[in-house]
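First the structure, which I've put down as structure tokens, then a few questions once you've had a look.
Small disclaimer: the values here were computed from a predicted structure and weren't measured. Sequence lines set the chain letters: A, B, ... in the order given, protein chains first and strands last, and positions in each chain run from 1. Excluded from the calculations below are hydrogen atoms, water molecules and symmetry mates; all remaining heavy atoms, backbone and side chain alike, are included.
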Protein chains: 2
Amino acid sequence: MTQQDVQWSTEINNRVDVRVARTRAAVLDAGARLLFTEGWHAVTHLRVAEEAGVGRATMYRHWPTVEDLLADVLVDCQEPWEAAEPTGDLRVDLITELDVFVGALQLSKLPEIIVAAMERAPTDPRIQAMHESMTRISRHPVWTVAQAPIERGELDPELTEEIVAAHTLGPILYQRLFDGQHVTRSDIERTVDAFLTAFAT
Amino acid sequence: MTQQDVQWSTEINNRVDVRVARTRAAVLDAGARLLFTEGWHAVTHLRVAEEAGVGRATMYRHWPTVEDLLADVLVDCQEPWEAAEPTGDLRVDLITELDVFVGALQLSKLPEIIVAAMERAPTDPRIQAMHESMTRISRHPVWTVAQAPIERGELDPELTEEIVAAHTLGPILYQRLFDGQHVTRSDIERTVDAFLTAFAT
DNA sequence: GGTTTCTGAGACGATTTGACTCACAACACG
DNA sequence: CGTGTTGTGAGTCAAATCGTCTCAGAAACC
């Protein structure tokens, strides 16, 4: 990187230059659009610059490498995970959470993001970190719901966050990734019931 | 494709030219190596040619596009799925099959292959077909084992191949893909027991 | 041993990649 | 509201890559 490290300091006095904000927004938006329509190999400086109506040089100023760009795009297009209100009924709450999960899988392009991140994760620590954070975020809701029943002894006390995730998110994700088909309400209920039957004490 | 379609007909009188075989073997081997070490974006004509010690022109002769190349690499590095001898004990047989599955996941770079295939599948019908065949192959063993008990009424008669796969391979694959950690014997047993508990009649 | 045919080296134009410059417009700040 | 600062776009540049093609030589086939 011969060019000066941070000439446009992004924020001065805690204030972001309007132009910078505009550029970033346009680019990240265009990047996400390309990622979802053409796959992650379409996310290059050139393509995104064209798509965003932004100069190519500007791209390189903000994101020196493709990894910088892709990492930002991935972070940006992660929709916030709205936590559902727990009713106290474990079965109902699990179904609700998995419903949200499936919604995210279907509406947003989470599978594409997951795959893109997984592909790059081995080589890029930033994306690896993002992948881990995504994993954590996705399993947090079901773990939160399951935690109390475990402590109360209604569920197998051996259960860990990883195991709960594997047996609730796992089957759902498998169906979405490999069968491609829509994950239906009854798929969710079957998964939850199987989990409860197997791990209820 | 201006160059004549098949000048080296690959086989003459059902016999493959030794040189062709050598080249193909070297290239597919190098391609797999690159795929597993640097990810699938490293599988380009140039890189593979260097890695395999083969002329670049030769690459283009055999595999005009990157998709041709990658598809062949993927097909080639799929190890044959040796079917285990069923004992008749459902639990034992399922554990055995999942053991084989986990072995394939750990030894071969199946996850990398899966991810690579998934990434390209939407754009390339050949890779999509390969992805589907891979899916079919992977779930065939567990389905075979589960089928008889279902017919005998020992397992939920509603069970389909997709559902069985989702609830056996799903959790295992999730752990491998997202936790990255080694899938242990007890993980397999837990998965099988959960499945049996949930779906035994 | 003669013929076929596969290979490697290299050349080629076209395209892509990063890096850089510079004039200009838009912002921030007094 | 004017002035100085700073991000931006257009465009240039060398280097690398892509896909194609030619050609001589080596090696396989018969």
Side-chain angles (χ1 to χ4, degrees), chain A residues 1-31 34 38-72 120 123-124, chain B residues 1-31 34 38-72 120 123-124:
Chain A
M1 216 183 307
T2 336
Q3 67 189 11
Q4 50 271 57
D5 298 44
V6 187
Q7 73 179 137
W8 34 267
S9 51
T10 298
E11 35 187 289
I12 308 143
N13 297 346
N14 228 356
R15 181 86 193 110
V16 182
D17 191 314
V18 189
R19 293 167 293 181
V20 174
R22 246 204 309 268
T23 301
R24 280 189 57 87
V27 166
L28 294 181
D29 190 59
L34 280 172
E38 299 184 34
W40 96 259
H41 62 287
V43 182
T44 67
H45 288 93
L46 179 61
R47 291 296 312 279
V48 177
E50 286 171 351
E51 182 77 13
V54 155
R56 212 159 55 86
T58 307
M59 297 285 309
Y60 285 105
R61 268 193 286 264
H62 284 267
W63 302 275
T65 75
V66 192
E67 271 68 33
D68 297 324
L69 177 57
L70 194 69
D72 263 17
R120 279 308 221 215
T123 52
D124 189 306
Chain B
M1 217 183 309
T2 336
Q3 68 190 9
Q4 50 271 54
D5 299 45
V6 187
Q7 73 177 136
W8 34 266
S9 50
T10 299
E11 36 187 290
I12 307 146
N13 297 345
N14 231 355
R15 181 85 195 113
V16 182
D17 192 316
V18 188
R19 292 167 292 181
V20 174
R22 243 202 313 268
T23 301
R24 280 189 56 87
V27 166
L28 294 182
D29 190 59
L34 279 171
E38 298 184 36
W40 100 261
H41 63 286
V43 182
T44 67
H45 288 92
L46 179 61
R47 291 296 311 280
V48 177
E50 287 170 350
E51 181 77 14
V54 155
R56 209 158 57 85
T58 306
M59 297 286 307
Y60 284 104
R61 267 193 288 265
H62 284 267
W63 301 275
T65 73
V66 193
E67 271 69 32
D68 296 325
L69 177 57
L70 193 70
D72 263 17
R120 275 312 219 214
T123 55
D124 189 307

Rounded to whole Å, please give me the gap between CZ in B/Arg24 and P in D/dA28. 18 Å
Can you tell which of D/dC18, D/dA28, D/dG7 lies closest to the side chain of B/Asp17? D/dA28
Whole-Å gap separating P (D/dA10) and CD (A/Glu50): 11 Å
Could you state the atom-to-atom distance from NE2 of A/His41 to P of C/dT16 in whole Å? 13 Å
Which part of the nucleic acid, if any, lies within reach of B/Arg22 when heavy atoms closer than 4.0 Å are counted: base, sugar-phosphate only, or nothing? sugar-phosphate
A/Met59 CE to C/dA19 P, straight-line distance once rounded to whole Å: 13 Å
Taking atom P of C/dT17 as reference, at what distance in whole Å does atom CG of A/Leu69 sit? 12 Å
Can you check whether A/Val43 reaches A/Arg47 side chain to side chain, under 4.5 Å on heavy atoms? no
Can you find a donor-acceptor N/O pair under 3.5 angstrom joining the side chain of B/Arg61 to the base of C/dG8? yes
Can you list the residues that meet the side-chain hydrogen bond (donor to acceptor under 3.5 Å, both in side chains) rule with B/Glu67, with sequence neighbours excluded? B/Arg120
Checking C/dG18, C/dA26, D/dC29 against the side chain of A/Arg19 (C-beta onward), the nearest is C/dA26
Quickly, which of B/Val20, B/Leu28, B/Val27 forms a side-chain contact (heavy atoms from CB on, under 4.5 Å) with B/His62? Name it, please. B/Val20
d(NE2, B/His62; C1', C/dG8) in whole Å: 12 Å
With the side chain of B/Arg56 defined as its heavy atoms from C-beta on, choose the nearest nucleotide among C/dG18, D/dC29, D/dG19. D/dG19
Would you say B/Thr44 reaches D/dT17's phosphate, i.e. side-chain N/O to OP1/OP2 under 4.0 Å? no
Which value, rounded to the nearest 0.5 Å, describes the distance between B/Leu69 atom CG and B/His45 atom NE2? 5.5 Å
So, does B/Tyr60 get its side chain near the phosphate of D/dT20, meaning an N or O under 4.0 Å from OP1 or OP2? no
Nearest-nucleotide comparison on DNA chain C, the residue closer to the 5′ end among A/Ala57 and A/Arg47: A/Arg47
I want to confirm an ordering. Mapping B/His45 and A/Gly55 to their closest nucleotides on DNA chain D, which one lands closer to the 5' end? A/Gly55
Would one find a side-chain N or O of A/Thr58 under 4.0 angstrom from OP1 or OP2 of D/dG9? yes
Exactly one of B/Leu70, B/Val48, B/Thr58, B/Asp72 should register a side-chain contact (heavy atoms from CB on, under 4.5 Å) with B/Trp63. Which one does? B/Asp72
